[in-house]
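Note sheet for the following structure.
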Amino acid sequence: MTSRLRLGVNIDHVATIRNARGGAHPDPMRAAEIAAAAGADGITIHLREDRRHIRDGDLDAIRAATHLPINLEMAATDEMTEIAVRFRPHAACIVPERREERTTEGGLNVAGLHNQIAPIVSRLNQAGARVSLFIEPDPVQIAVAEVLGAPVVELHTGRYAELWIEGGAEAAAPELERLKLAAADARRRGIEPHAGHGLTFENVGPVAAIPEVAELNIGHFLIGEAIFIGLDAAIREMRRLMDEARR
Ligand SMILES: CC(=O)[C@@H](O)[C@H](O)COP(=O)(O)O
Ligand SMILES: NCC(=O)COP(=O)(O)O
């Protein structure tokens, strides 16, 4: 299965820089426009409970700025569910959140939180959002995602990225194997696997080469790289590397 791999660009950290001074620049809406022009297949935004970056007013503004489908990342809370049901994004990805975390630290424990997550998945499905669960590449989590009726899982690549920093491809190889097995397991269960967190120019290739994976969501690295080469160039290079990995 080597269909075209989609790239979702997460623009959270444009808002991080904007919020650093409390003003309106840089504007996440402009980032969404540039991402669309650079060939992104979607925009991912994470409306955190603490609103540290993306804020409520950004949702409609980003929708107005681009024709691209929006993937709204959200915690498994009543507040976020109501916001998502009103906003009706193309996709809603339920992610774990701890207020004191610097960034997402792992996958959502859908196995342990089944009863809390099931009604949220149902409400989001009813609102027409394609529901995704951000989980570890773990067979138990994938089995429960199937029970929950989620059409998509996004496999957390954070551990893979950390291992790559520590020791390159060799050190990350065991986690890459977990990702490969998880992607194949998801497909066998009729679930579309995505992947994301911590992906960079250097480490994206082996994950992009996993044939069952349909979409990568990449943000922090792209926004950081944009400081040096521009957002358009950063996205185009990531797109090139993803396509190269799929050849
Ligand atoms: C779930 C995930 O890995 C990211 O999409 C998430 O947005 C990370 O949180 P921050 O963007 O706040 O770093
Ligand atoms: N779900 C992953 C995502 O949207 C972006 O994660 P990162 O590239 O900012 O680590």
Side-chain angles (χ1 to χ4, degrees), residues 5-20 28 31-32 35 40-55 58-59 62 68-77 80 84 89-110 130-137 141 150 152-165 172 175 179 182-183 192-204 207-208 213-227 231 234-235 237-239 241-242:
L5 179 59
R6 298 191 301 271
L7 172 59
V9 174
N10 183 315
I11 59 174
D12 289 349
H13 296 295
V14 176
T16 298
I17 298 170
R18 173 194 64 186
N19 296 354
D41 298 289
I43 297 295
T44 291
I45 48 179
H46 184 182
L47 182 66
R48 281 181 169 264
E49 291 183 276
D50 63 13
R51 278 48 171 201
R52 65 180 70 169
H53 39 57
I54 294 294
R55 297 203 166 137
D58 292 327
L59 273 57
I62 290 167
L68 289 180
I70 293 174
N71 173 36
L72 176 65
E73 291 183 334
M74 52 178 276
T77 64
M80 288 302 156
H90 164 73
C93 182
I94 307 176
V95 304
E97 258 188 47
R98 287 187 318 113
R99 193 165 293 263
E100 60 277 9
E101 68 182 3
R102 181 176 300 183
T103 186
T104 301
E105 297 169 336
L108 184 69
N109 178 15
V110 295
R130 187 203 67 197
V131 178
S132 174
L133 300 174
F134 188 80
I135 61 171
E136 291 297 320
Q141 300 297 338
V152 174
V153 291
E154 180 167 331
L155 302 174
H156 178 231
T157 53
R159 179 69 182 137
Y160 165 83
E162 288 166 4
L163 289 168
W164 190 290
I165 291 169
E175 188 66 13
L179 289 161
E192 182 176 282
H194 299 177
H197 196 90
L199 295 177
T200 69
F201 288 163
E202 188 181 8
N203 70 19
V204 71
V207 176
V213 172
E215 180 175 306
L216 299 182
N217 285 294
I218 306 173
H220 184 267
F221 174 81
L222 287 175
I223 305 310
E225 198 61 20
I227 293 172
L231 183 57
I235 291 170
E237 175 61 4
M238 189 62 80
R239 178 78 262 174
L241 291 166
M242 290 164 60

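Just follow the structure's listing: the first ligand is 1, and inside any ligand the first atom is 1. We number each residue from 1, following the sequence as shown. Remember, predicted model here, so these are calculated numbers, not experimental data.
Checked against a 3.5 angstrom limit, the closest N/O atoms of Arg52 and ligand 1 fall outside it. Between Glu73 and ligand 2, a contact under 3.5 Å exists for at least one N or O pair. Inclusion of Asn10 in the set of residues having an N or O under 3.5 Å from an N or O of ligand 2 is warranted. For Asp12, a nitrogen or oxygen atom sits less than 3.5 Å from a nitrogen or oxygen atom of ligand 1, counting backbone and side chain alike. Polar contact check, Gly219 against ligand 2: a nitrogen or oxygen pair lies under 3.5 Å apart. Between Arg102 and ligand 1, no pair of N/O atoms sits closer than 3.5 Å. An N or O contact shorter than 3.5 Å is missing between Phe134 and ligand 2 by distance.
With ligand atoms numbered from 1 in the order given, ligand 1 contributes 10 (P), 11 (O), 12 (O) to contacts under 4.0 Å with heavy atoms of His53. Close contacts of ligand 2 with His220, meaning ligand atoms under 4.0 Å from a residue heavy atom, involve 7 (P), 8 (O), 9 (O). For ligand 2, the atoms closer than 4.0 angstrom to any heavy atom of Thr44 are 4 (O). The Glu73 neighbourhood of ligand 1 comprises atoms 1 (C), 4 (C), 5 (O), 6 (C), 7 (O), with distances under 4.0 Å to a heavy atom of that residue. Taking every heavy atom of His46 and a limit of under 4.0 angstrom, the matching atoms of ligand 1 come to 6 (C), 7 (O), 9 (O). Per-residue contacts place His197 under 4.0 angstrom from the following atoms of ligand 1 (heavy atoms of the residue considered): 2 (C), 3 (O). Atoms of ligand 1 found under 4.0 Å from any heavy atom of Val95, numbered from 1 in the order shown, are 1 (C).
Separating the OG1 atom in Thr157 from the CG atom in Leu155 is a distance of 8.5 Å, to the nearest 0.5 Å. Here the CD-CZ distance, from Glu237 to Phe201, works out to 5.0 Å after rounding to the nearest 0.5 Å. A distance of 4.5 Å separates CZ in Arg6 from CD in Glu215, rounded to the nearest 0.5 Å. Taking CG of Asn10 as the reference point, atom CG of Leu199 lies at 11.5 Å (rounded to 0.5 Å). We find the NE2-CZ distance between His46 and Arg51 to be 10.5 Å, quoted to the nearest 0.5 Å.
Looking at atom 9 (O) of ligand 1, its nearest protein heavy atom turns out to be Arg48 NH2, 3.2 Å. The single protein non-hydrogen atom nearest to atom 13 (O) of ligand 1 is Thr103 OG1, 2.6 Å, given as residue, atom name and distance. Summary of contacts: the protein heavy atom closest to atom 6 (O) of ligand 2 is His197 CA, 3.6 Å. When only non-hydrogen protein atoms are considered, atom 10 (O) of ligand 2 lies nearest to Gly198 N, 2.8 Å.
For the residue pair Thr44 and Asn71, a side-chain donor N or O sits within less than 3.5 Å of a side-chain acceptor on the partner.
Listed for the Asp12 side chain is no donor-acceptor partner under 3.5 Å among the backbone atoms of His53. When atom types are taken as modelled, the side chain of Glu136 and the backbone of Gly106 share no donor-acceptor pair closer than 3.5 angstrom.
Residue contacts with ligand 1 leave out His156, since none of its heavy atoms falls under 4.0 Å from the ligand.
Taking every heavy atom of both residues into account, Leu222 and Ala234 meet most closely at CD2-O, 3.5 Å. Here the shortest heavy-atom pairing between Met80 and Ala75 reads CB-O, 3.5 Å. What you find for Leu163 and Ala172 is that their closest heavy atoms are CB-CA, 3.8 Å.
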For a salt bridge (charged side-chain N to carboxylate O under 4.0 Å, His left out) check, start with the C-alpha distance between Asp50 and Arg52, then their side-chain angles and the critical distance, and finish with the verdict. CA-CA 5 Å; Asp50 63 13; Arg52 65 180 70 169; 2.9 Å; yes

Working note: Val14 + Ile223, criterion side chain to side chain contact (heavy atoms under 4.5 Å, CB included); need CA distance, chi angles, decisive distance, verdict. CA-CA 7 Å; Val14 176; Ile223 305 310; 3.7 Å; yes

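Proximity of His220 to ligand 1, defined as any heavy-atom pair under 4.0 Å, is not found for any part of the residue. Residue-level proximity to ligand 2 for Glu154 is carried by the side chain, the only part with a heavy atom below 4.0 angstrom. With a 4.0 Å cut-off on non-hydrogen atoms, Asn10 touches ligand 1 through its side chain and not its backbone.
Below 30°, between 30° and 60°, or above 60°: for His197 and His156 the angle between ring planes is between 30° and 60°, a tilted geometry.
The heavy atom nearest to atom 1 (C) of ligand 1, considering only Thr104, Ile94, Asp50, is found in Thr104.
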